[in-house]
Amino acid sequence: MSAYEMNFDGLVGPTHNYGGLSYGNVASQSNSQAVSNPREAARQGLAKMKALMDMGFKQGVLAPQERPDVAALRRLGFTGSDAEVIQRAAREAMPLLVASCSASSMWTANACTVSPSADTADGRVHFTAANLNCKFHRSIEHPTTSRVLQAMFASQAHFAHHPALPAVAQFGDEGAANHTRFCKAYGDAGVEFFVYGRSAFDSRYPAPARYPARQTLEASQAVARLHGLSEAGVVYAQQNPAVIDQGVFHNDVIAVGNGEVLFYHQDAFLDTDRVLSELGDKLARRGGNFQAVCVPASAVSVQDAVRSYLFNSQLLSRADGSMLLIVPEECKSNASVWRYLEQLTASGGPIREVRVFDLKQSMQNGGGPACLRLRVALNEQELAAVNPGVVMTDALHDKLVTWVDRHYRDRLSEADLADPQLLTECRTALDELTQILKLGSVYPFQMT
Ligand code: SUG
């Protein structure tokens with residue numbers, strides 16, 4: 001049976017703003033308090049979805065969340081009507097209001113970890129929502145994420161959904177941003193590669209000194225157990241703590257993989273030789289021929305990788321078997337990265353083409369092309385079981401652009417977040433969106 005990789009991109013929500021909320025994420029910190037343009041952000045994301053669909057890739061869309069998250073503010077002790085909760089938070093604890101307004105669910109690589117049915121013990125596609133426990137503004141995503149995923153992948157015969165891991169830092173889980181799957185063909189059993197930043201229970205593992213390591217080994221192991229992965233189909237690697245300290249807060253900021261290919265920076269991992277040989281051996285036992293494309297530090301420094309988001313690219317298989325890299329414009333404006341890419345595509349290796357996208361609104365918060373998408377490998381039957389409302393078509397694209405233009409502001413500053421009208425705008429827009437995407441009731445305001 002044929003199988004495909006489908007990308008579900010996060011639709012940027014109406015409250016997209018620059019809150020400076022992610023310590024350890026250089027772009028988020030350096031653009032703190034800049035004025036954002038939610039309309040442009042959503043349009044940039046939709047343009048990427050449409051372009052990939054036009055290139056023949058299977059494309060879906062993942063809905064944004066209700067923000068400000070008034071329920072989260074109530075849990076922190078703010079009371080009164082919804083408008084009063086927002087105004088009190090603005091007066092007494094602005095950083096908490098900013099966190100409750102974040103549109104961070106747009107980075108759907110952090111929504112969950114997905115294991116395709118060919119890898120799992122019960123032959124279903126497994127999803128574990130990420131607890132995103134390292135940052136408050138992200139830790140409030142998973143309940144809605146779970147409801148949205150269940151509305152998209154509803155068939156219990158094909159899909160299994162697990163709630164987020166326990167909400168403590170020891171099980172910090174950032175989802176697919178630290179997970180890569182290698183395979184010969186998408187429908188074959190593959191090798192799932194889990195990259196963690198530290199161990200929570202074993203002090204022999206090194207840890208970064210400056211910035212947090214968001215993903216723990218124990219969280220990755222728990223996800224592999226929940227999904228029923230076999231030992232023959234799993235490889236673990238520790239991220240190099242030195243690169244976390246340079247702003248590599250997820251593995252997808254320093255490596256990307258697809259099919260039989262891993263594209264990575266020389267300094268990405270600890271114990272790189274062991275990791276590569278285990279990946280090669282395990283993939284060979286699954287019939288695959290592992291190919292590692294290493295970017296040497298002499299060609300691209302870690303700092304340039306973080307600035308340009310070279311590795312936060314989408315590595316996609318073209319019909320002829322060669323691969324295409326979707327990169328942000330920041331790669332083109334970085335001389336050493338662009339030189340490297342020109343040489344890479346001319347080298348006769350697996351990566352033959354580079355396409356550049358303007359995703360500046362998301363990039364300024366540390367989210368590149370790969371952050372914005374969740375990959376789900378599906379066979380024909382599973383594909384047929386996906387809620388058709390979230391599958392991108394020309395008609396859906398046009399509808400969403402019109403919807404964005406009707407509901408989104410083109411300018412949002414921190415002061416604007418204190419305006420209770422923003423909540424009304426967001427709820428009105430999302431209520432309409434659930435009808436466009438045929439999701440049913442997934443938001444807290446729709447369930448009371
Ligand atoms: O978690 N930025 C996100 C970026 C996530 C990128 N995702 C992947 N690499 N897969 C984060 O740090 C910034 C929000 C703000 O500052 O307003 C933020 O949450």
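Just so you know, ligand 1 is whichever comes first in the structure, and atom 1 is the first atom listed for that ligand. Note that the structure is a prediction, hence the values are computed from the model and not measured.
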(request) Could you pull out the closest heavy-atom pair between Y408 and R39, with the gap in Å? (result) O-NH2, 3.0 Å
(message) For M392, run the side chain to side chain contact (heavy atoms under 4.5 Å, CB included) check against N7, L52, L400 and tell me which one passes.
(response) L400
(request) Using a 4.0 Å heavy-atom threshold (strictly under), name the region of L21 that reaches ligand 1: side chain, backbone, both or neither. (result) both
(request) Select one of side chain, backbone, both or neither to describe which atoms of Q29 lie under 4.0 Å from any atom of ligand 1, heavy atoms only. (result) neither
(request) Quickly, which of F194, F127, Y196 forms a ring-ring contact (aromatic ring centres under 6.0 Å, His included) with H179? Name it, please. (result) F194
(request) Establish, from distance only, whether the side-chain atoms of D410 and N37 form a donor-acceptor pair under 3.5 Å. (result) no
(message) For atom 10 (N) of ligand 1, what is the closest protein heavy atom, and at what distance to 0.1 Å?
(response) D252 OD2, 2.7 Å
(message) When you compare the side chain of R352 with that of L324, does any pair of heavy atoms fall below 4.5 Å?
(response) no
(request) Apply ring-ring contact (aromatic ring centres under 6.0 Å, His included) to the pair F153 and F8, showing each step before the final yes or no. (result) CA-CA 12 Å; F153 305 98; F8 292 86; 5.2 Å; yes
(message) Can you name the atoms of ligand 1, numbered from 1 with element, that are less than 4.0 Å from a heavy atom of H250?
(response) 7 (N), 8 (C), 9 (N), 10 (N)
(request) Under 4.0 Å from a heavy atom of S28: give me the atoms of ligand 1 that qualify, with their elements. (result) 13 (C), 15 (C), 16 (O)
(message) For F193 and Y264, I'd like to know if the aromatic rings sit close, meaning centre-to-centre distance below 6.0 Å.
(response) no
(request) Return yes or no for this condition: an N or O of N110 is under 3.5 Å from an N or O of ligand 1. (result) yes
(message) Checking a contact table here: which protein heavy atom is nearest atom 19 (O) of ligand 1, and how many Å away?
(response) H137 NE2, 2.7 Å
(message) Looking at R427 and E66, is there a salt bridge between them, counting it only when a charged N and a carboxylate O are closer than 4.0 Å?
(response) yes
(request) Decide, yes or no, whether a salt bridge links E40 with R43 under the criterion of side-chain N to carboxylate O below 4.0 Å. (result) no
(request) Report yes or no: does a heavy atom of K135 sit under 4.0 Å from some atom of ligand 1? (result) no
(request) Around atom 17 (O) of ligand 1, find the nearest protein heavy atom and jot down its residue, atom name and distance. (result) G19 N, 2.8 Å
(request) May I ask you to identify the nearest protein heavy atom to atom 2 (N) of ligand 1, giving residue, atom name and distance to one decimal place in Å? (result) N365 O, 3.0 Å
(request) Consider every N or O of R214 and every N or O of ligand 1, then say whether any pair is closer than 3.5 Å. (result) yes
(message) Can you tell whether the side chains of D82 and R74 come within less than 4.0 Å, N to carboxylate O?
(response) yes
(message) Return the closest protein heavy atom for atom 11 (C) of ligand 1 as residue, atom name and distance.
(response) S22 OG, 3.4 Å
(message) Quick test: of every protein heavy atom, which one is nearest to atom 5 (C) of ligand 1, and how far off is it to 0.1 Å?
(response) R138 NH1, 3.5 Å
(request) State whether the side chain of S301 and the backbone N or O of D304 hold a donor-acceptor pair below 3.5 Å, judged by distance alone. (result) yes
(request) Decide whether an N or O pair under 3.5 Å exists between V253 and ligand 1. (result) no
(message) Among all protein heavy atoms in this structure, tell me which lies nearest to atom 8 (C) of ligand 1, with the distance rounded to 0.1 Å.
(response) C371 SG, 2.8 Å
(message) Can you name the atoms of ligand 1, numbered from 1 with element, that are less than 4.0 Å from a heavy atom of G20?
(response) 15 (C), 16 (O), 17 (O)
(request) May I ask whether E174 has any heavy atom positioned less than 4.0 angstrom from an atom of ligand 1? (result) no
(message) Can you name the atoms of ligand 1, numbered from 1 with element, that are less than 4.0 Å from a heavy atom of A177?
(response) 10 (N)
(request) Output the list of atoms in ligand 1 that are nearer than 4.0 Å to some heavy atom of A109, sorted by atom number. (result) 10 (N)
(request) Would you check whether G366 has a nitrogen or oxygen atom less than 3.5 angstrom from a nitrogen or oxygen atom of ligand 1? (result) no
(message) Under 3.5 Å between any N/O of N25 and any N/O of ligand 1: does that happen in this structure?
(response) yes
(request) Would you mind telling me if ligand 1 is within reach of the side chain of L132, the backbone, both or neither, using heavy atoms under 4.0 Å? (result) neither
(message) With heavy-atom distances below 4.5 Å as the criterion, would you say the side chains of P38 and V404 are in contact?
(response) no
(message) Tell me if the centroids of the rings in Y18 and H16 come within less than 6.0 Å of each other.
(response) yes
(request) Not counting sequence neighbours, which residues clear ring pair (Phe, Tyr, Trp, His ring centres under 6.0 Å) with F136? List them please. (result) none
(request) Mark up the atoms of ligand 1 that fall under 4.0 Å of a heavy atom belonging to N17, in ascending order. (result) 17 (O)
